[in-house]
Each structure stands twice: as C-alpha cells, then as structure tokens.
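Notes follow the structure.
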There are 2 protein chains.
Amino acid sequence: MAGKQATLDAADAVQPDNGGSKSARTRQRILDAAAKVFREEGYAGARLADIAAAADTKAGSLYYYFASREALVEEVLDEGLDRAFGETRRRVDALSADTPTIDRLATAIRAHLETVLKLDNYTSASIRMLGHVPEPIRARHMKRQAVYGAYWRELLEAAGAAGELRDGLDLSAARMLLLGMLNWSPEWYRRGRLSPEEIADQAAAMALGGLRK
Amino acid sequence: MAGKQATLDAADAVQPDNGGSKSARTRQRILDAAAKVFREEGYAGARLADIAAAADTKAGSLYYYFASREALVEEVLDEGLDRAFGETRRRVDALSADTPTIDRLATAIRAHLETVLKLDNYTSASIRMLGHVPEPIRARHMKRQAVYGAYWRELLEAAGAAGELRDGLDLSAARMLLLGMLNWSPEWYRRGRLSPEEIADQAAAMALGGLRK
DNA sequence: GTCTATATGCGGATAGAC
DNA sequence: GTCTATCCGCATATAGAC
C-alpha cells in the first residue's frame, strides 16, 4: 500500500459511484484513476499502464470503456471544469441575496482554490494539463471553459459597477492574474503547515486587498 | 517565412552571440530554438525534429552539440532561471539605497513579469516545463531555484520588518500566491491590447494592494 | 560539422483467448 | 469483461558517408 504504483485510496474516490451497475462503477474507477495519474504525472507523463495500475486493471482493459487515451483526457478535463465551476457557483449562490458583490467575489475565490487544494484530482489535472494537450482538444475545452471565465468576469464587473473596485483596474488583466494566482497552486501546494482553508483565506485577503477601493 | 515550422526570427535571438566562433554560434542557435519550441509545445510536446527545424538543421546534427534531449532541457531550465533572477536582481539593485522595501518589491514584481511577458523563451519555457519534467531533472533544478525563492522571501521579510505589510499575512503563502500570479501568465498572455509593461503595472498594483498595510 | 539511414525502445491500440 | 500477446508508429539516439 505504500508501493510506487499505489491504487486509489479512500481519499481519491470522493465522488458518488455514479449508477449502481458494476460496469458503471468500473468505468468510474478508471476515470478516477486517470484523474489522479494525470494530476500527478501531467498530460504526457501519464501512461495508460499507470492509469490501469491505479485502477487495479490492465491497459488493454481500458478500451472496453474508453475509445482512446484522448477520450480519457477529454472526460477528465470536462469533469475538472465542472467541479470547479459547480462548487464555486454553489457556494456563491448560497449567499443571501443582499451580500455585497465584493463578498461574493471572496467566496468564489475561496471555493475555487479550496477545490484545487483539497486535491480534487479532476480539477487539478484539468488545470495542469490544459496547456499541454493537443490543439484540437485544447480548442474544444477552451470553448467550454469560456463560460466559467464569463462567470468570473461578471463577478468582477458587478463589483466594479457597485463602485467597490480600485480606479485604474483593468478587469480583464485582473481576472487573469487572479485566476493565475489560484491555478498555479497545484504546482507548489503540499499538505503541511497550512490547511487549504487557511491558504484560501490568505488568497482571498490578498486578492481583495489588491482589487478593492 | 510564414511557414508552420518557421525558423528563428530576430525577435527570438535576443541574447549575445556568446563567443565569436562559428561552433559557439551554432550551439547557441540550437539552444535558442529549443527554448522557443519548449515554450510553445511544452516539455513532452517538443520533438527534436521540431527543434532542429527551428534551428535550421536536422535532428541528428543536434548530437554534435548536446549529449541528449535531456541535456538540452536542463540548459534551457537553467538559463530561464538565470534570466529571470538576473533581470529581477539587476533592476532591484539599480534602485537607490534608500528606496522603501515595498517599492523594491514592486520593482521585482515588474521585472519578473516583464521578463516572462516579453516572451523570453527561456524563462517561459522553464516555468512551463518544470512541473512536467522527469523527477531527477526537476529535483536538480529545484535546488538551483531555491536561491531565487530565498531572494523573494528576503524581499518580503524586509518589507514585513519595516512594518509595511498587513497583519495576519503568512509570508510563505503570500510568496507562492504572488509568484503564481506571475508564473501563470505564459498560459494566457498574448500580444494584444495591453503591453507587458501595462500588465506588469496591473500586477504590481494588485499585489501591493493585497500585501501592504 | 552536417547529413541520411537505421537501430532501438516505448507506449497506444487491436485481436483474440478465456 | 478482462486478460495476454502482438502490431505498429513515432521519437530518441547512433553509425557512417560526405
């Protein structure tokens, strides 16, 4: 269990089993393994044999569930985006309607970053892989991701319209710099001194301090 | 010249010719091409044939100058770090001795980010590749990079000691979040509306606003 | 020094047994 | 459904001509 090619442990299988059938569960197990290995090894470093081993099966067997390695990549990318977007929107929507726009922004920052830092394999893998994936896959995914980008743009514009942001701020640049601060975190964060929530607090304080009037 | 495999144009050959001998210049041309292709294609996506084409030679010829693909990778990583560190320190050192620590920090932020955004192929390639490179190469490079990390730590600690930073700021987290904001920029920046200097201004203003008391 | 031709190994994908 | 065996293409690396 401390082996180099450890299979998925409880912490990696966070999501529901996605339909009760055995087949659906196996498929899900493979997808979870792919997300884990892609997060750890990156797009090109992850071999099908690694993914199969992490899912406790063999490389040839993957093809019963997925048409190709690229199909696996695309599903992981999509799921990673959906999880980050889903969690962020869920927590923002849970705020009461009269929450100041700046506090909505703070909640979004915490939600996005905590999703990444809690080692959600799909989200981390998605962030790490996107820039290294073949162009057709990247182009397709960027289209989906644009919706999430627009969501952040709206958060910032709302705060701007409410007069809560600094003068001279370029909202497009600020948005990319802010998301960069969050998205780079898989490259350096390791479990340790600070919890995901504590890092998220630091990030929210830093970002808001930099953005607000 | 507008071909898919365009060779290096003037903008890519920024550095000195590094010794007058023809051999040294050829070697440099290959290294420049490698930096360019690694930046564009990422660690795994860059093939020796691509690098050779960009250097206007053939894959087999590279081995006259470099022992292996990995040797090429390591030189690009090292040079990228040296350029970012060199340029940042140079510009900070050029400040007068009585410059407030917070302004030294602002200068460092601008210098690092402008180096990346001006499409310095070595620095961008280094940033993009590091997380995707085989572990031995990565470990070796991280050791070298630790010196640059310490430099940033000192900048932040000096500002903290001078009482210029917010209370409750965790300097380690702040440093990684700040560098993430800068290092993610190769993933999204394209020449266009805002110049590197304008983006750097936005980043410096954002970061300082988030850090200072 | 630079080229072409080729050896080699690896990893994705497929076929077919069970 | 899952396995083993194998095909195949690709990219690094080497050999040797020029």
Side-chain angles (χ1 to χ4, degrees), chain A residues 4-5 7-8 17-35 37-38 40-77 129 132-137, chain B residues 4-5 7-8 17-34 36-38 40-77 129 132-137:
Chain A
K4 191 81 184 290
Q5 297 290 347
T7 54
L8 294 168
D17 287 323
N18 220 11
S21 79
K22 174 144 190 298
S23 182
R25 273 185 286 117
T26 302
R27 191 192 141 87
Q28 188 63 46
R29 201 177 71 239
I30 292 169
L31 205 54
D32 288 347
V37 176
F38 279 126
E40 289 171 351
E41 309 295 334
Y43 167 70
R47 288 160 300 187
L48 288 185
D50 300 334
I51 293 170
D56 205 21
T57 182
K58 303 289 175 172
S61 307
L62 302 183
Y63 287 86
Y64 182 78
Y65 297 96
F66 298 92
S68 67
R69 184 178 187 275
E70 295 200 346
L72 220 31
V73 169
E74 295 197 273
E75 281 212 38
V76 170
L77 285 175
M129 278 198 291
H132 297 261
V133 126
E135 187 47 38
I137 296 181
Chain B
K4 190 85 186 286
Q5 297 290 346
T7 55
L8 294 168
D17 287 323
N18 219 13
S21 79
K22 174 146 190 300
S23 181
R25 273 184 286 116
T26 303
R27 191 190 141 88
Q28 188 64 46
R29 200 178 70 240
I30 292 169
L31 205 54
D32 287 347
K36 175 187 167 73
V37 176
F38 278 127
E40 290 172 349
E41 308 296 333
Y43 166 71
R47 289 160 299 186
L48 289 184
D50 300 334
I51 294 170
D56 205 20
T57 181
K58 303 289 173 171
S61 308
L62 303 182
Y63 288 87
Y64 182 79
Y65 297 95
F66 298 91
S68 67
R69 183 180 189 275
E70 294 200 347
L72 220 32
V73 169
E74 296 196 272
E75 281 211 39
V76 170
L77 285 175
M129 279 198 292
H132 298 260
V133 127
E135 188 47 37
I137 296 181

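Naming: A, B, ... by sequence-line order, numbering from 1 per chain. Because only heavy atoms are used, hydrogens play no part in the values below, and waters and symmetry mates are left out as well, while side chains stay in.
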B/Glu40: what forms a side-chain contact (heavy atoms from CB on, under 4.5 Å) with it, not counting sequence neighbours? B/Lys36
Looking at residues 68-76 of chain A, who's got a heavy atom less than 4.0 Å off DNA chain D? none
Work out which heavy atom in [X] is nearest to a heavy atom in [Y]; give both atom names and the distance.
X       : Y        : result
B/Gly45 : B/Asp50  : O-OD2, 3.9 Å
B/Val76 : B/Met129 : CG1-CE, 3.9 Å
B/Arg27 : B/Tyr65  : NH1-O, 3.3 Å

Please give, in whole Å, the distance from [N] [atom2] to [X] [atom1]?
X       : N      : atom1 : atom2 : result
A/Glu41 : C/dC10 : CD    : P     : 17 Å
A/Lys58 : C/dA13 : NZ    : C1'   : 17 Å
B/Leu48 : C/dC10 : CG    : C1'   : 15 Å
A/Leu62 : C/dG12 : CG    : C1'   : 11 Å

Under the side chain to side chain donor-acceptor pair (under 3.5 Å) test, residues paired with B/Glu41 that sit two or more places apart: none
Tell me every residue that passes side chain to side chain donor-acceptor pair (under 3.5 Å) with A/Glu74, counting only those two or more places apart in sequence or in another chain. A/Arg140
If the helix axis at each end comes from five base pairs, how far does the helix from C/dG1-D/dC18 to C/dC18-D/dG1 deviate from straight, to 10°? 10°
For the side-chain contact (heavy atoms from CB on, under 4.5 Å) test, which of B/Leu31, B/Val37, B/Asp32 pairs with B/Ile51? B/Val37
Start and end of the DNA chain D segment that chain B contacts, any atom under 4.0 Å from a heavy atom: D/dA11 to D/dT14
Mind checking if A/Ala46 touches a base, just sugar-phosphate, or nothing, with heavy atoms under 4.0 Å? sugar-phosphate
Heavy-atom side-chain contact between [X] and [Y] under 4.5 Å:
X       : Y        : result
B/Leu48 : B/Tyr63  : yes
B/Thr57 : B/Thr26  : no
B/Glu70 : B/Pro136 : no

Assign each of B/Gly60 and B/Ser23 to its nearest nucleotide of DNA chain C by heavy atoms, then name whichever residue's nucleotide is nearer the 5' end. B/Ser23
Pair B/Tyr43-B/Leu77, side-chain contact (heavy atoms from CB on, under 4.5 Å): steps then yes or no: CA-CA 11 Å; B/Tyr43 166 71; B/Leu77 285 175; over 6 Å; no
